[in-house]
K.L.:
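Following this message is one structure expressed as structure tokens.
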Amino acid sequence: RPRLDKADLVVGFGSEFLDRPADGLEADFATRRAPEAKDGARMSRFVQLEGRLTLTGANADRRVRVRDSQLATVASALLHEIAVARGIGPIAADAGMAQALAPFTLPAVAGLTGLAPEVLTGLAGELVAARGRAVVVAGGSASESPTGLALETAVLLLNLSLDAFGTGLVEDGAGPEPADGGAPRG
């Protein structure tokens, strides 16, 4: 379960946590969205990448339009940039991971998705600058799509590379029960 109330930067990949209050993330998110936050904490920044406009995306500081079918590819490109190109995080030295992520360079993914390369480079830079204070989330219809497992895996590895687990921004195993009861995807 991501702790949106503790993060300085939240990056969503099709996440619809404001559209789905049963997930329990709405209140956490609201805690850091007030311009005059409690305890001297400043307002968090929220970037949402999504295909169709959602309530969650409408509340983002920056919304980047990406087809749901391409969200896993964009997340993998950011993972490639952070872990492979910049050598950040525990998977940075893993040769197998570098080989698996090799097709997902920022220029290649920018060409495939039509996103400006500077959008991807800028987002990667923001995530690196907020390492230990950034959390990446996925969910909603994007996670239920055929590329959903790849998206969730890339988001998990981004959080690992950004030390979100080590700083308590992601609580292991504390999330809500999946609607399908955790049934395997086929």
K.L.:
Determine the minimum heavy-atom distance between V84 and A98, stating which atoms define it.
P.N.:
CG2-CA, 3.9 Å

K.L.:
Can you list the steps and then say if E81 with L127 is a side chain to side chain contact (heavy atoms under 4.5 Å, CB included)?
P.N.:
CA-CA 11 Å; E81 178 66 18; L127 285 164; over 6 Å; no

K.L.:
Test L151 against every option in S76, S69, S143 by the side chain to side chain contact (heavy atoms under 4.5 Å, CB included) rule and name the one that passes.
P.N.:
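Answer to the side chain to side chain contact (heavy atoms under 4.5 Å, CB included) test with L151 among S76, S69, S143: S143.
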
K.L.:
Distance from L49 atom CG to L120 atom CG, nearest 0.5 Å?
P.N.:
8.5 Å

K.L.:
Would you say that more than 12 heavy atoms from the other residues, nucleotides or ligands in this model lie under 6.0 Å from the CZ of R65, or not?
P.N.:
no

K.L.:
State the CD1-CG distance between I91 and L101, to the nearest 0.5 angstrom.
P.N.:
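Here the rounded value is 6.5 Å.
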
K.L.:
Would you check if the side chain of D61 reaches a backbone N or O of F46 as a donor-acceptor pair within less than 3.5 Å?
P.N.:
yes

K.L.:
Given the rule in the side chain to side chain contact (heavy atoms under 4.5 Å, CB included) test, do L53 and R63 qualify, once you have shown the distances and angles that lead to the verdict?
P.N.:
CA-CA 9 Å; L53 180 62; R63 179 179 176 267; 3.4 Å; yes

K.L.:
Looking only at heavy atoms, what is the nearest atom pair of L79 and S161, with distance?
P.N.:
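Scanning both residues completely, I find the closest heavy atoms to be CD1-OG, 3.8 Å.
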
K.L.:
Between N159 (side chain only) and V136 (backbone N and O only), is there a donor and an acceptor less than 3.5 Å apart?
P.N.:
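Yes, because the side chain of N159 sits within donor-acceptor range (under 3.5 Å) of the backbone of V136.
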
K.L.:
Run the numbers on L123 and L78 for side chain to side chain contact (heavy atoms under 4.5 Å, CB included), then give the verdict.
P.N.:
CA-CA 8 Å; L123 188 52; L78 292 172; 3.8 Å; yes

K.L.:
Please lay out, stage by stage, how S44 and L4 fare under the test side chain to side chain contact (heavy atoms under 4.5 Å, CB included).
P.N.:
CA-CA 9 Å; S44 63; L4 305 182; over 6 Å; no

K.L.:
I'd like to know whether CZ of R67 has more than 12 heavy-atom contacts from other residues, nucleotides or ligands below 6.0 angstrom.
P.N.:
no

K.L.:
Please report the closest heavy-atom contact between R1 and L25, naming both atoms and the distance.
P.N.:
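Heavy atoms only, the tightest pair is NH1-CD2, 3.7 Å.
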
K.L.:
Are K6 and E171 ion-paired here, with the side-chain N under 4.0 Å from a carboxylate O?
P.N.:
no

K.L.:
Report the distance from atom CZ of R62 to atom CD of E126, rounding to the nearest 0.5 Å.
P.N.:
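That separation rounds to 7.5 Å.
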
K.L.:
With the side chain counted from C-beta on, respond yes when I82 and L158 share a heavy-atom pair under 4.5 Å apart, and no when they do not.
P.N.:
yes

K.L.:
Mind checking whether L156 and L160 have side chains closer than 4.5 Å, heavy atoms only?
P.N.:
no

K.L.:
CG of L169 to CZ of R3: how many Å apart, nearest 0.5 Å?
P.N.:
9.0 Å

K.L.:
Do you see a donor-acceptor pair shorter than 3.5 Å between the side chains of Q48 and T56?
P.N.:
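No pair is found: no donor N or O on one side chain lies under 3.5 Å from an acceptor on the other.
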
K.L.:
So how far is it from H80 NE2 to M97 CE, rounded to the nearest 0.5 Å?
P.N.:
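H80 atom NE2 to M97 atom CE measures 12.0 Å (nearest 0.5 Å).
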
K.L.:
Please report the closest heavy-atom contact between A7 and V10, naming both atoms and the distance.
P.N.:
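Closest heavy-atom pair between A7 and V10: CB-CG2, 3.9 Å.
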
K.L.:
What are the two closest heavy atoms between A100 and P103, and how far apart are they?
P.N.:
O-CD, 3.4 Å

K.L.:
Under 4.5 Å between side-chain heavy atoms, counting indirect links through other Ile/Leu/Val/Met/Phe/Trp/Tyr residues: same cluster for L55 and F13 or not?
P.N.:
yes

K.L.:
Quick one: does T54's side chain have a donor or acceptor within less than 3.5 Å of a partner on G57's backbone?
P.N.:
yes

K.L.:
What is the minimum heavy-atom distance between A142 and G14, and which atoms define it?
P.N.:
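Reported closest heavy-atom pair: CB-CA, 4.1 Å.
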
K.L.:
Give, for atom CG of D68 and atom CZ of R52, the distance between the pair rounded to the nearest 0.5 Å.
P.N.:
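So the CG of D68 and the CZ of R52 are separated by 7.0 Å.
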
